[in-house]
Number of protein chains: 2
Amino acid sequence: MSNSKLYKGSLTTIILKLLNESDKMYGYEITQKVKELTKGELKITEGALYPALHKLEADGLLDVEVKKVDNRLRKYYKITENGEKESSHQLSELASYIATMQALVNPKLSLE
Amino acid sequence: MSNSKLYKGSLTTIILKLLNESDKMYGYEITQKVKELTKGELKITEGALYPALHKLEADGLLDVEVKKVDNRLRKYYKITENGEKESSHQLSELASYIATMQALVNPKLSLE
DNA sequence: CAAATATACATAATTTTCTTATGCATAAAA
DNA sequence: TTTTATGCATAAGAAAATTATGTATATTTG
């Protein structure tokens with residue numbers, strides 16, 4: 001996913017957040033959007049992305065719709081209601097993670 | 001390590017940071033210090049901690065010294081010069097991770 | 001025009017990192 | 001006296017990624 005192992009565990013948080021903002025996205029589009037938003041810092045590999053999308057779909061957090069565009073296949077993903085709930089849950093977990101890590105790494109700042 | 005999978009990958013960052021601040025610490029002491037600093041939010045399990053300490057030692061980032069205190073064994077760990085370098089590297093990776101995630105999750109805020 | 005790159009999906013083998021479950025041993029508290 | 005705390009350790013398994021492939025079409029570049 002990136003050079004830093006810290007990104008481990010944050011892939012579904014990212015996917016759900018992006019899909020919560022745009023109506024629908026397909027896999028390749030997600031990789032490009034992430035690259036763009038992070039100015040190349042974070043590159044999502046296909047080996048991580050596609051299994052993650054399949055799992056989110058199997059868990060009922062995403063719906064899928066296959067379309068043929070320019071003679072190429074695209075699988076559009078759309079977030080479900082449960083997906084929205086899970087997304088906001090994961091976003092608050094992210095905020096909590098960041099606060100906790102700052103308490104550990106910069107205890108003086110985090111007392112304020 | 002915690003209820004949230006986001007902590008995956010941050011254990012060595014935490015260990016190195018704590019050992020960079022205090023002269024030396026032993027394993028159990030690290031678990032207690034983390035629990036205290038995070039107000040119980042983060043509990044480091046032994047199954048994660050001890051293998052991590054062994055690996056850091058094998059990689060030359062920590063030195064170890066065994067002592068008997070109150071008839072109980074303690075393995076005190078001290079950070080090496082390479083460990084200090086690696087610690088500052090991992091801390092900047094953490095800062096970078098946080099910035100990147102905020103750019104993804106709250107793109108409006110992170111433009112400022 | 002041929003080769004490389006971009007678009008678009010997928011999976012399998014392996015690695016990393018953690019959880020859960022044990023195991024041993026001593027000391028203190030309930 | 002049994003549980004909890006202190007202190008270490010490892011093994012089996014799960015989760016999530018990397019790396020390496022594979023297939024296929026479209027576009028760009030030399």
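Just so it is clear: chains get the letters A, B, ... in the order the sequence lines come, proteins before strands, and each one is counted from 1.
- Of the residues in residues 87-95 of chain B, not one comes within less than 4.0 Å of DNA chain C through any heavy atom.
- Each of B:Asn71 and A:Lys5 has a nearest nucleotide on DNA chain C; the 5'-most of these lies closest to A:Lys5.
- One distance of note links NZ of B:Lys78 with NZ of B:Lys24; it measures 6.0 Å at 0.5 Å rounding.
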| said: If you apply the rule side-chain hydrogen bond (donor to acceptor under 3.5 Å, both in side chains), what do you find for B:Ser10 with B:Tyr97, and how did you get there? | reply: CA-CA 11 Å; B:Ser10 36; B:Tyr97 166 80; over 6 Å; no

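- Inter-residue side-chain proximity for A:Tyr7 and A:Glu41 is flagged as met; some heavy-atom pair is nearer than 4.5 Å.
- Results of the side-chain contact (heavy atoms from CB on, under 4.5 Å) test with A:Leu19 over A:Ile15, A:Asp23, A:Leu16 single out A:Ile15 as the only residue that passes.
- Neither OP1 nor OP2 of D:dA9 sits under 4.0 Å from any side-chain N or O of B:Tyr50.
- Here D:dA17 is the nucleotide among C:dC18, D:dA17, D:dC8 with the atom lying nearest to any side-chain atom of A:Leu11.
- With respect to the salt-bridge test (charged N to carboxylate O, under 4.0 angstrom), the residues B:Lys17 and B:Glu21 qualify.
- Per the geometry, OH belonging to B:Tyr97 stands 10 Å off P belonging to D:dA17, to the nearest Å.
- Comparing A:Lys8 and B:Leu73 against DNA chain D, the residue whose closest nucleotide sits nearer the 5' end is B:Leu73.
- Residues A:Glu86 and A:Asp59 have side chains not in contact (no heavy-atom distance under 4.5 Å, counting atoms from C-beta outward).
- B:Leu42 has its CG atom 17 Å from the P atom of C:dT17, to the nearest Å.
- The nearest whole Å value for the distance from the CG atom in A:Asp59 to the P atom in D:dA15 is 11 Å.
- Rounded to an integer number of Å, the gap from CG of B:Leu53 to C1' of C:dT17 is 14 Å.
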Every protein N/O within reach of nucleotides 3-5 of chain D N/O, cut-off under 3.5 Å:
none

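- Within the 4.5 Å cutoff, side-chain heavy atoms of A:Ile30 are placed close to those of A:Leu53.
- Rounded to whole Å, the distance from CG on A:Leu49 to C1' on C:dC9 is 10 Å.
- Here A:Gly27 lies in heavy-atom contact (under 4.0 Å) with sugar-phosphate atoms only.
- A heavy-atom distance below 4.5 Å is not found between the side chains of B:Leu91 and B:Asn20.
- Nearest heavy atoms, B:Leu42 versus B:Val34: O-CG1, 3.6 Å.
- Each of C:dC9, D:dT19, C:dT26 was ranked by its minimum atom distance to the side chain of A:Thr45; first place goes to D:dT19.
- Side-chain N or O atoms of B:His54 include one that pairs as donor or acceptor with a backbone N or O of B:Tyr50 at under 3.5 Å.
- Distance B:Ile44 CD1 to D:dC8 C1': 16 Å, rounded to the nearest Å.
- Taking atom OH of residue B:Tyr26 and atom P of nucleotide D:dG7, one finds them 4 Å apart after rounding to whole Å.
- In the set C:dT11, D:dA26, D:dT10, the nucleotide with an atom closest to the side chain of B:His54 is D:dT10.
- Per the geometry, CD belonging to A:Glu46 stands 16 Å off P belonging to C:dT5, to the nearest Å.
- A:Thr12 comes within contact range of no nucleotide atom at all, as no heavy-atom separation falls under 4.0 Å.
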